Each structure stands twice: as structure tokens, then as C-alpha cells.
Amino acid sequence: MSSFRTQFRLYTVALIAALLAVFNMLVYTGFHSLLQQYVDGRLFGFADTLAELIEQRPELLKRPDHEIVVPRGAQVTDERMKELREVSHSVHILALDGTVVWEGSAVVPRPSVDAALLERGKNGEVVYETIETSSGAPVRQVFVPIRQQDEVRYLLQAEESLVFFRRTHRSLMGLLMLGSVAVLTASWFGSGWLARKVLDPVEVLSRTAESISESALRSRVNLNAPFEEFERLAQAFNGMLDRLQKAAESQRRFTDYAAHEMKTPLTVMQGNLEVALQRSRSVEEYREVLVSNLEQVQRLIVLTRSLLTLARFAGDRPPVELVPLALEPLLRELIDDLTPVAEDRRIRLVLEQEPVGPVLGDAERLKQVFINLLDNALRYTDPGGTVTVHLGGLRGDVRVAVRDTGQGIAQEHLPLLFERFYRTDPARARDSGGHGLGLPIVKEIAEAHHGTISVESEVGKGSVFTLTLPAAQG
């Protein structure tokens, strides 16, 4: 597997190289265009001035000294006039058939002009052309029509060497290449420094992660990173370790509690069997031992079933099938089933209901929730008391409140009431067959329905457990 540091450096240099190539191309092209325009504009300016001069004074072509720019007094000191006179010394005046009718004193022999160019000049077009001399030096030429009485009579051929032009291009190319190499070299070493700067916190995270084990979940990362992003990464990493530590501790407690709860009935069964086998007993005595052990087996079955239920809800996909469900028939059926039990304990079991819409729920799972809540309410309500189930709605939610007039729960127990194996009175709960898993199962099922379960209680006045579920849409 390739190193991120090396890949980062290669990608950085490649990106900068691509940007430099585009930048150099734009600079070179733009400079070439500007310089070409400057050369052509300057050459045309001189040629056009000379052509106008000849158009106004055609007799200049007959001067014996071959001068068409004659200094007049102080004008000779004018820089423009000096340049114009120098240019005139390398000018050709061509007839429309290409023959030379006049040439300056410093002209250099050039190849004859082709017919196509002469034809364009004859039509009044200014023509530019670049030629290579026998020595290889480039020359820029311009052909400007000279008119007499609105007719093209001659072509003025002026030229300028492009040696300086080409030399300037080569110098610019050299500077751009030199600058590019310097920038790429700096980017290679700079990207290495930057990669090292960026990856140092990642190295610290990696070393910390490698040192963490189940028995060392208390380790935390302290990056002291100069970047906000890495601070957030360290916080997220430490947050994940917090959650892992809590999950591991919760799992450890769960395993300890489960083992303890399973050990008690097994110990009772072992003791019963050992006592029964110490001597011969009557059929009735053996029957009592078997009945006692059967009760312990029943406790184990209930405990195992609760543990399996919690294990199923611990996954990413809780075992519920949510369908539109009306709660009123479900509650009424449960009230009818539990009324004999309540009457046997001389407790009034009442259903109050308001018109509410359906919820998205799993009938069997919600039935288990209501059974757990009603079982607790009936178990901890004294004879003569009342257990009321109220079905109502509030702000788009459906609420089911199970209210009892029992002994109530002390405030210090309320925050822990839905934790696994938590019991407010362990001895009493064990005697009544409770394992401290009923309310945690209620909480898991409520959350699997995207709902909540809450409790309000006051010692001596009773408790209210409220299940809130979102109403089904549509």
C-alpha cells in the first residue's frame, strides 16, 4: 500500500506543475501577442507615414540622393523624424508587377514578391509577412498601398528585423522554465513539510489506538494540534472511547448481574436435590422437591426470555414490525384479561380513553409493554387501590399513562429505574419473581417505536408511567 505522505507530495507537485504549465502558456502567448502587435503597429506607423508622404509628393522618388525624408530645420532633431528617416533607407517602392521602382540607400536584397501578395496589395490591402533571410534571421515585412488619384499605383515595402523579438521570446521562455523548476523544487520540499505537519496528529491517534485494549479503555488522546479540525477529531475520538468504555462497563455489569440472577435458582435447585438425596423420602416429599425445582426452572425461563428480548433489541434492527395500529382495542383486551387478577387483589382496574388516531406499532411488542406496566402497578398497589389506564393525545403524539395509587417510588430511584437489573427493593422484588428487566424491556420497545417512556412518582401517593408514541401520519 502506498504512503499517503508520498502520494500527497506527488499530487501536490503534479497540481502545481499543471498550474505552472497553464500559467506559462498564458504568459508566453500573451507576451507574444502583445510584442507582435507592438512590432506590427510600429512598422505600419512608419510605412503608412512614408506612403502618405509619397502620395503627397511623388517627386521625392526622383531625388538623386534617394532621400524621401528631408530634414527641415529643427525637425531633424525630432526623434520621430530620425527614426522615420532611418526606416526610409530600407524601404522598397514596388510597381504593381513587383519590379522595384525605388529603394533606400541601405536596402538589403530580398526575394521577389509572390503574385498573390501583389494582388492583395493591388486591391488596397495592407499585407504583413514574415520571411527568413539566408542567414536564418527572421524579418517582418509590411506592404502598404500608395495611391494616386484614388488608384493604387505602388506598394511600399518596409521591414524590421525580428532578431530582438526572437531573442526576447527565448529569454522569457528561459525565465519561465527557471522559475517553474524553482517553484516545483520548493513545492516538493514544502509539501513534505506540510504532510509531516498534517500527519503528526494522525500518527499520535494511530499510536493511541494501537495501545488501546478492552482493559485499557481509559486512555485518551491529547493532541495539542494547531488545527481546529484535528482538535475536533481528537474530541470525537475521545468521545468514541467514552462510549466504548461505558458500553464495556455496561456489558460487564450486565454479564455479572445475569450470572448472579441465574446462579440463585440453580443454587436452590442444587440444594433441594442434595437434601432430597441424603435419605429415602416419601412420594409427597419428592413431589415437593420437584415442585420447588419447577418454580426455579420457571424463574430461569422467565429470566432467559427477558435476556433474549434485550439482546434482540441491542442490535441495529430491533425486532418490531411497525404497522398502523389502534391502541384502544389492544388496551381494552388487556384490561378485560387482567380484571380478574385485579379483582382477586381487590384493586380497581379502569380504562379512560380519549379519541386518538392510530400509531405505527407492533401489537405484540406494545402488548408486552402494557403487561409489564400493569403487572408492576397491580403488584405494588395495596388492596382497595386503583390502577387507571388513560389513553389520550398531545401535540400529534399518542400517550398511554398507567397510574396507580400504590406505595410510590423514592425520587433517588427514578433516574435509575430503567437500567437493567435495577431494583428499588431487591429482596422484595426477588420474592415477587422480578429480575429488574421489565422496565428496561419497556424502554427498549418504546425507543424501537420512536417513542419514550417516563415516570412520575411520589412516595405514599403512587406512580404514573407514561408511554408516548408518535401518531401515524395520513
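Predicted model only: the values in this text are computed from it and were never measured.
- Annotation: ring pair (Phe, Tyr, Trp, His ring centres under 6.0 Å) contacts of F44 (sequence neighbours excluded): none.
- A salt bridge between R140 and E159 is absent, with no side-chain N of the basic residue lying under 4.0 Å from a carboxylate O of the acidic one.
- The main-chain N or O of V442 is never found under 3.5 Å from a side-chain atom of N372 such that the two would form a donor-acceptor pair.
- Remark: the backbone N or O of S463 is paired with a side-chain donor or acceptor of D404 at under 3.5 angstrom.
- With respect to the salt-bridge test (charged N to carboxylate O, under 4.0 angstrom), the residues E447 and R365 do not qualify.
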When you look at L156 and I54, which way does the side-chain contact (heavy atoms from CB on, under 4.5 Å) test go after all the steps? CA-CA 9 Å; L156 186 145; I54 294 173; 4.0 Å; yes

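- Contact detail for Q141 and L43: the closest heavy-atom pair is C-CD2, 4.0 Å.
- N123 contributes a side-chain N or O that, together with a main-chain N or O of E119, makes up a donor-acceptor pair within less than 3.5 Å.
- A donor-acceptor pair is defined here as one N or O able to donate and one able to accept, closer than 3.5 Å; no such pair exists between the side chain of R399 and the backbone of G392.
- The number of heavy atoms from other shown groups lying within 6.0 Å of CZ (F23) does not exceed 12.
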Give the C-alpha distance, both sets of side-chain angles, the deciding distance and a yes or no for side-chain contact (heavy atoms from CB on, under 4.5 Å) between Q157 and V113. CA-CA 10 Å; Q157 175 189 350; V113 181; 4.3 Å; yes

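- Residues V152 and G121 come closest through the heavy atom pair CG1-O, 3.8 Å.
- Between K122 and E151 there is no salt bridge, since none of the side-chain N atoms of the basic residue sits less than 4.0 Å from a carboxylate O of the acidic one.
- Under the 3.5 Å distance criterion, the side-chain polar atoms of T12 are matched with a main-chain donor or acceptor of F8.
- Proximity of a side-chain donor or acceptor of T29 to a complementary backbone N or O of L26 within less than 3.5 Å is not detected.
- Other residues, nucleotides and ligands contribute over 12 non-hydrogen atoms within 6.0 Å of the OH atom of Y128.
- Other residues, nucleotides and ligands contribute more than 12 heavy atoms inside 6.0 Å of the CD atom of E352.
- Summarising the geometry of L414 relative to S457, their closest heavy-atom pair is CD2-CB, 4.0 Å, with the distance given to 0.1 Å.
- F164 has its ring centre no less than 6.0 Å from the ring centre of H169.
- Nearest heavy atoms, V163 versus A137: CG2-CB, 3.8 Å.
- S33 contributes no side-chain N or O that, together with a main-chain N or O of G30, makes up a donor-acceptor pair within less than 3.5 Å.
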Could you go step by step and tell me if R332 and Q353 meet the side-chain hydrogen bond (donor to acceptor under 3.5 Å, both in side chains) rule? CA-CA 10 Å; R332 185 167 297 284; Q353 61 183 37; 3.2 Å; yes

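- Applying the salt bridge (charged side-chain N to carboxylate O under 4.0 Å, His left out) test to pairs two or more places apart or on separate chains, none has a residue in residues 200-211.
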Stepwise, does the side-chain hydrogen bond (donor to acceptor under 3.5 Å, both in side chains) test hold for Q245 with E249? CA-CA 6 Å; Q245 182 181 355; E249 292 175 352; 3.2 Å; yes

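- Distance alone, capped at 3.5 Å, is enough to place a donor-acceptor pair between the H449 side chain and the D362 backbone.
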